[in-house]
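See structure below.
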Amino acid sequence: MNVRKFVQRFWDFAGAVSVRTKILGIVLGFIVLLGAGVTIQSRYALTATMTAQLEEQSVSITRDLAARATDPILLNDLLRLHDLLEETLANNPNVRYAFLLDSRGQVLASTFEGGFPLDLLTFNSAAPDDHHHTALIQTDEGLIWDTAVPILDGKIGTARIGLSDASMQAALSTLTAQLLLTIVLVSATGVLVAVLLTWILTRPILALVAATKAVAKGDFTPRVKRWANDEIGDLATAFNAMAEELAHTEELRRERESLRRQLMEKVISTQEEEHRRIARELHDSTSQNLTSLIVGLRVMETYCQQCAAQSKVSDLRQVASQTLDEVHDISMRLRPRVLDDLGLAAALERLASEWQARYKIPVDVVIQLSERLPGEMETAIYRIVQETLTNIARHAQARSASILVEKHGETIRAIVEDDGLGFNVNANHGERHLGLLGMRERAELLGGTLTIESAPERGTSIFIEIPLHPSSF
Ligand SMILES: Nc1ncnc2c1ncn2[C@@H]1O[C@H](COP(=O)(O)OP(=O)(O)O)[C@@H](O)[C@H]1O
Ligand SMILES: [Mg+2]
């Protein structure tokens with residue numbers, strides 16, 4: 001579990017760095033690991049060999065000294081002994097000291113000039129039957145191999161020398177320094193090679209990343225170059241094919257969308273035209289005829305005061321005037337003349353006051369437009385507000401409603417609000433409920449937007465924004 005956590009942590013960190021850093025890390029880590037291994041191994045091997053050599057050297061120098069000191073000791077020639085020790089010191093740079101003891105352990109001669117350190121005697125000694133005896137002494141200057149060799153089986157004394165390991169340490173330091181230098185040089189070369197390699201490797205990948213980001217933003221034009229005939233090359237080719245296909249699909253989608261838009265515009269304008277025609281017809285012809293009928297009936301009513309049919313005529317006149325009202329109403333709803341004649345503001349005021357009278361819901365109308373708007377925009381806003389008011393009457397159970405239409409910079413903004421039940425905007429209202437869809441469609445055909453804010457029990461607000469000068473969309 002802990003190992004897994006550790007691996008996870010490591011990957012959280014290592015996985016997040018760029019490919020370049022990963023490759024550099026691998027190369028550097030490998031070189032450093034290899035270098036450290038080689039350094040430790042070489043130092044170990046060299047130390048072992050040199051230690052053996054030093055010990056051997058120490059023994060052979062001491063034996064040589066013992067052999068050459070025999071005669072001067074027997075002759076008690078102290079001067080000669082001194083020369084011998086000086087010679088030994090001069091010929092072997094690693095020898096730190098040398099001295100000779102007599103058979104009772106008294107110092108006969110030594111290379112110590114400022115007085116002999118007596119405790120040195122206790123560190124090492126050789127038994128008479130020993131060939132030699134070596135001890136390791138730790139001093140401030142490093143290790144000393146101290147070798148004692150008995151002279152004539154110890155009968156006349158002992159020869160002792162101390163050999164320092166300084167030369168060995170120096171050799172080890174040189175080796176280590178050389179190895180470290182090599183590691184640094186190899187690392188530098190490795191880094192250079194790795195940088196070059198990652199550049200070669202990641203260049204096409206970075207190009208792919210950039211191109212993919214562009215595609216994600218909807219720009220299907222970028223193509224990437226096929227750098228090499230490897231997997232990354234295949235990826236580039238596949239990417240290009242995909243971008244091509246996406247561009248094609250996007251073009252088809254655009255064509256269809258523009259076609260749909262044209263069709264929609266046509267449908268709406270045709271419908272509006274048809275409404276206008278029927279409304280005019282109803283007003284100009286049907287209403288006129290009905291009015292003539294009513295006038296005729298009224299004349300009949302006055303002229304035949306005694307006739308039995310008088311009450312019948314009166315009834316007929318009432319039916320006719322009711323029909324006239326209804327025709328007015330239908331005509332008004334189909335296409336209010338006031339919209340064409342006096343403009344959006346007047347039409348909306350009229351719409352609101354009739355709606356208020358019919359449904360007994362107070363509605364507050366604020367319209368701030370200094371001039372008339374383009375015809376299609378007036379129609380669209382009028383229709384949207386009309387549908388919204390119908391929805392409020394049908395669904396909202398509102399206590400009041402408000403309509404605001406204003407010019408805000410270069411856009412026309414309309415807000416219709418109610419304080420009714422509200423509804424879930426995101427719910428799918430099915431194919432039969434086309435009111436909201438139609439409203440949105442009308443706004444978008446003019447390059448505008450329609451936003452609905454509503455939540456159950458919180459009332460509903462419909463925001464419409466339509467630019468006065470739509471950019472080409
Ligand atoms: N002002 C409103 N208050 C409450 N609910 C509304 C309001 N406007 C719309 N709705 C809800 O949204 C649905 C979809 O409206 P719409 O598309 O106009 O279809 P329809 O009016 O034919 O039902 C309605 O059925 C109603 O549930
Ligand atoms: Mg509706």
Side-chain angles (χ1 to χ4, degrees), residues 257 260-261 263-276 278-279 326 329-336 338-339 344-345 347-367 376-406 408 412-466:
E257 173 63 23
R260 191 190 70 87
R261 198 178 273 277
L263 206 70
M264 207 66 207
E265 264 167 21
K266 188 90 192 137
V267 166
I268 287 180
S269 66
T270 312
Q271 189 195 34
E272 217 49 65
E273 194 43 55
E274 189 65 11
H275 283 178
R276 197 179 271 130
I278 298 171
E326 280 168 15
D329 203 43
I330 294 172
S331 155
M332 167 74 195
R333 272 205 244 177
L334 271 175
R335 174 82 196 181
V338 54
L339 183 58
L344 181 63
L348 284 180
E349 309 252 10
R350 165 88 62 92
L351 175 69
S353 78
E354 286 187 1
W355 185 84
Q356 179 170 316
R358 175 182 300 205
Y359 297 106
K360 308 280 180 283
I361 303 172
V363 49
D364 183 28
V365 185
V366 177
I367 295 172
E376 52 197 15
M377 196 182 290
E378 290 199 328
T379 305
I381 295 176
Y382 182 85
R383 291 299 185 204
I384 292 173
V385 173
Q386 191 179 29
E387 169 65 20
T388 309
L389 287 180
T390 310
N391 274 351
I392 294 176
R394 277 172 67 186
H395 310 294
Q397 298 178 24
R399 269 165 288 127
S400 67
S402 70
I403 302 170
L404 166 74
V405 181
E406 61 177 4
H408 188 263
I412 300 300
R413 178 193 282 172
I415 306 174
V416 185
E417 285 180 309
D418 70 66
D419 58 359
L421 297 177
F423 67 109
N424 181 1
V425 179
N426 296 320
N428 184 5
H429 296 293
E431 284 171 11
R432 281 156 174 261
H433 305 273
L434 295 176
L436 296 180
L437 286 180
M439 282 155 65
R440 173 158 289 133
E441 192 69 48
R442 279 185 190 270
E444 284 174 359
L445 275 178
L446 295 177
T449 55
L450 181 138
T451 321
I452 306 174
E453 269 180 23
S454 183
E457 309 302 328
R458 297 257 298 278
T460 304
S461 308
I462 309 250
F463 301 89
I464 304 126
E465 282 200 339
I466 300 177

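Position 1 is the first residue of the sequence; numbering continues from there. Counting starts at 1 for both ligands and their atoms, in listed order. These numbers come from a predicted model, not from an experiment. All values below come from the heavy atoms of this structure, side chains included, with hydrogens, waters and symmetry mates left out.
Of all protein heavy atoms, the one closest to atom 24 (C) of ligand 1 is H395 NE2, 3.5 Å. Scanning the protein heavy atoms around atom 13 (C) of ligand 1, the nearest turns out to be H429 ND1, 3.5 Å. Nearest protein heavy-atom contact of atom 19 (O) of ligand 1 is H433 CB, 3.1 Å. Summary of contacts: the protein heavy atom closest to atom 18 (O) of ligand 1 is N391 ND2, 2.8 Å. Of the protein's heavy atoms, L436 N, 2.9 Å lies nearest to atom 17 (O) of ligand 1. Among all protein heavy atoms, the one lying closest to atom 5 (N) of ligand 1 is F423 CD2, 3.3 Å.
Side-chain atoms of Q356 come within 3.5 Å of backbone atoms of V363 as a donor-acceptor pair (strictly under, hydrogens ignored). Proximity of a side-chain donor or acceptor of D418 to a complementary backbone N or O of G459 within less than 3.5 Å is not detected. Looking at S454, its side chain does come within 3.5 Å of a backbone N or O of F423 through a donor-acceptor pair.
Residue T460 touches ligand 1 through its side chain alone, judged by heavy-atom distances below 4.0 Å. Proximity of D418 to ligand 1, defined as any heavy-atom pair under 4.0 Å, is confined to the side chain (atoms from C-beta onward).
Crowding of E272 atom CD: a count of heavy atoms from other residues, nucleotides or ligands under 6.0 Å exceeding 12. In this structure, R276 places its CZ atom where more than 12 heavy-atom neighbours from other residues, nucleotides or ligands lie under 6.0 Å away.
Applying the salt bridge (Lys or Arg N to Asp or Glu O under 4.0 Å) test to D329 and every residue at least two apart in sequence or in another chain returns R333, R358.
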Could you go step by step and tell me if E444 and L450 meet the side chain to side chain contact (heavy atoms under 4.5 Å, CB included) rule? CA-CA 8 Å; E444 284 174 359; L450 181 138; over 6 Å; no
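The two residues V405 and A414 have their closest heavy-atom pair at CG2-CB, 4.1 Å. Among all heavy-atom pairs drawn from E417 and I392, the shortest one is O-CD1, 4.4 Å.
Once rounded to the nearest 0.5 Å, the distance linking CG of L436 with CG of N391 reads 5.5 Å.
Ligand 1 has E387 within reach: a non-hydrogen atom of the residue lies less than 4.0 Å from it.
Protein nitrogen, oxygen and sulfur atoms, that is N, O or S, within less than 2.8 Å of the Mg ion (ligand 2) amount to 2.
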